[in-house]
Amino acid sequence: MKALVAPSYGPLDQLVVTDAPAPSPGPGELLVRVEAAGLNPLDAALVTGAMHAMMPVEHPFVVGMDAAGVVEAVGEGATGYEIGDAVVAYTHFHPGTIAEYTKVGVGPHVAKRPAGLDAVRGAALPSVSLTSECILEAARAEAGQTILIIGATGGVGSFTVQLAAQAGLWVLATAAPADADYVRGLGARDVIDYTSTDPVKEAQRLAGGRLDVVLDLVNRGPALLGTADAMKDGGRLLSTLMGPESFERGITVVYVRMSAREGQLQSLSERVTAGTLSVEVAATYPLDDAPKALAEFASGRYSRGKVVVTV
Ligand SMILES: NC(=O)c1ccc[n+]([C@@H]2O[C@H](COP(=O)([O-])OP(=O)(O)OC[C@H]3O[C@@H](n4cnc5c(N)ncnc54)[C@H](OP(=O)(O)O)[C@@H]3O)[C@@H](O)[C@H]2O)c1
């Protein structure tokens, strides 16, 4: 089958679209004919080796973790799915979706794709929307409380703004000026231009010192201390990246790692078709241009939503 293959750890320009062995579904697994595959920052990190210590991969490997497609074969004991079912899936930290075929274990990381959800938006949905649900749980915030989202226009941010606003939170979101109306349309009450202001200080000012939660999707490692510095005493700091474990002034930090419960991805897919959750796709690229797609995505060319490879 044709696939986007990483031959070894190294720069993104070593990626090739080439022949790779098609996966065969083991017990409890589905073979999916991929129609579209969504890109994530983790895809690039696995190729370069930046995640080597936490998530080593064997080479060569097929890149990608989000997909939408059609069930082509059903492994032994994989119940609930039939050949021909349209699905969305996340391969749960085992790359292999930017290809003509991928395999996924039946469970919370795969769901039947509702008729109104096209493959491109379906492929953009799984990992970021599930991560956003984990973030909302970790926030433990109540309606009326405030949340600042740093990195609000990207994949995770664009879903988290929507979920937080729908939960009744006052959302303050960072965005470059060109994306201010976009993020307001997702539900942000205040938009902070991160290119000209310190987002946390500005959010504190706008919220009258009542900033309850900060979600930082951008800063990692010691840089998170800068975010914490500007937070109020006793605030809650959430991050999807790594950083220090202890903070001063009673600030609680939670490092969120994506996980999924049974039915969650199905429900998120249905919210898209019901019109209560929107999926922004900034660009699509055909499979032959997948190396370019990942390079341009990783370079920060697109600020809004997701980039998807069509197969
Ligand atoms: N722990 C987990 O399980 C998990 C799960 C999913 C994602 N993640 C991680 O979470 C992070 C976000 O993921 P994503 O999919 O949302 O990435 P993404 O789609 O690339 O979005 C990143 C966003 O950050 C914005 N941004 C960049 N620099 C900024 C700055 N200095 N201040 C404010 N905003 C800035 C970008 O907007 P501009 O273009 O305007 O700069 C873009 O909107 C990534 O590092 C990813 O690896 C972790």
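Computed over heavy atoms, backbone and side chain alike; hydrogens, waters and symmetry mates excluded. Counting starts at 1 for both ligands and their atoms, following the listed order.
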Trainee: With heavy atoms under 4.0 Å as the rule, classify the contact between Thr153 and ligand 1 as side chain, backbone, both or neither.
Mentor: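 It is both parts that get close, each with some atom under 4.0 Å.
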
Trainee: Report yes if the side chains of Pro95 and Met65 come closer than 4.5 Å at any heavy-atom pair, otherwise no.
Mentor: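 They are in side-chain contact.
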
Trainee: Pick from Ile83, Val71, Thr102: which one makes a side-chain contact (heavy atoms from CB on, under 4.5 Å) with Leu30?
Mentor: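 In the set Ile83, Val71, Thr102, the residue that makes a side-chain contact (heavy atoms from CB on, under 4.5 Å) with Leu30 is Val71.
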
Trainee: For the side chain of Asp118 and the backbone of Val120, is there at least one donor-acceptor N/O pair under 3.5 Å apart?
Mentor: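 Flag set: sc Asp118 to bb Val120 pair under 3.5 Å.
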
Trainee: Just go through Leu42, Leu39, Thr131 and tell me whose heavy atom is the nearest to atom 5 (C) of ligand 1.
Mentor: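 Answer by nearest heavy atom: Thr131.
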
Trainee: So which heavy atom in the protein is nearest atom 40 (O) of ligand 1, and how far is it from that ligand atom?
Mentor: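 It is Tyr194 OH, 2.9 Å.
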
Trainee: Just need the protein heavy atom nearest to atom 27 (C) of ligand 1, so name the residue and atom and give the distance.
Mentor: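 Looking only at protein heavy atoms, the one closest to atom 27 (C) of ligand 1 is Val218 CG2, 4.1 Å.
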
Trainee: Does the Arg236 side chain pair with the main chain of Ala138, one donor and one acceptor, at a distance under 3.5 Å?
Mentor: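 Confirmed, Arg236 side chain pairs with Ala138 backbone.
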
Trainee: Could you tell me whether Val256 approaches ligand 1 through its side chain, its backbone, both or neither, with non-hydrogen atoms closer than 4.0 Å?
Mentor: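 For Val256, the contact with ligand 1 is made by the backbone alone.
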
Trainee: Using distance alone, with no hydrogens and no angle criterion, decide if Arg271 and Gln166 have a side-chain donor and acceptor under 3.5 Å apart.
Mentor: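 A pair is found: one side chain offers a donor N or O, the other an acceptor, under 3.5 Å apart.
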
Trainee: From the options Gly38, Pro41, Ser299, select the one whose nearest heavy atom is closest to atom 46 (C) of ligand 1.
Mentor: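 Result: the heavy atom closest to atom 46 (C) of ligand 1 is in Pro41.
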
Trainee: In the protein, which heavy atom is nearest to atom 11 (C) of ligand 1, and how far is it?
Mentor: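 Here the nearest protein heavy atom works out to Leu217 O, 3.5 Å.
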
Trainee: What is the nearest protein non-hydrogen atom to atom 18 (P) of ligand 1, stated with its residue, atom name and distance?
Mentor: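 For this ligand atom, the closest protein heavy atom is Gly155 N, 4.0 Å.
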
Trainee: How far is atom 16 (O) of ligand 1 from the closest protein heavy atom, and which atom is that?
Mentor: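 Scanning the protein heavy atoms, the shortest distance from atom 16 (O) of ligand 1 goes to Val156 N, 2.8 Å.
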
Trainee: Please state which protein non-hydrogen atom is closest to atom 39 (O) of ligand 1 and give its distance, to 0.1 Å?
Mentor: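 The protein heavy atom lying closest is Ser303 CB, 3.0 Å.
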
Trainee: Between His92 and His94, what is the ring plane arrangement, given parallel below 30°, perpendicular above 60°, and tilted in between?
Mentor: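 Answer is perpendicular, since the angle exceeds 60°.
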
Trainee: Which residue holds the protein heavy atom closest to atom 45 (O) of ligand 1, what is that atom called, and what is the gap in Å?
Mentor: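 For atom 45 (O) of ligand 1, the nearest protein heavy atom comes out as Leu241 CD2, 3.1 Å.
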
Trainee: Answer side chain, backbone, both or neither: which part of Thr240 comes under 4.0 Å from ligand 1, heavy atoms only.
Mentor: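 Answer for Thr240: both.
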
Trainee: Are any non-hydrogen side-chain atoms of Leu268 and Val88 less than 4.5 angstrom apart?
Mentor: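 Side chain of Leu268 against side chain of Val88, heavy atoms only: no contact under 4.5 Å found.
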
Trainee: Just need the protein heavy atom nearest to atom 22 (C) of ligand 1, so name the residue and atom and give the distance.
Mentor: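 Going atom by atom, the protein heavy atom closest to atom 22 (C) of ligand 1 ends up being Gly154 CA, 4.3 Å.
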
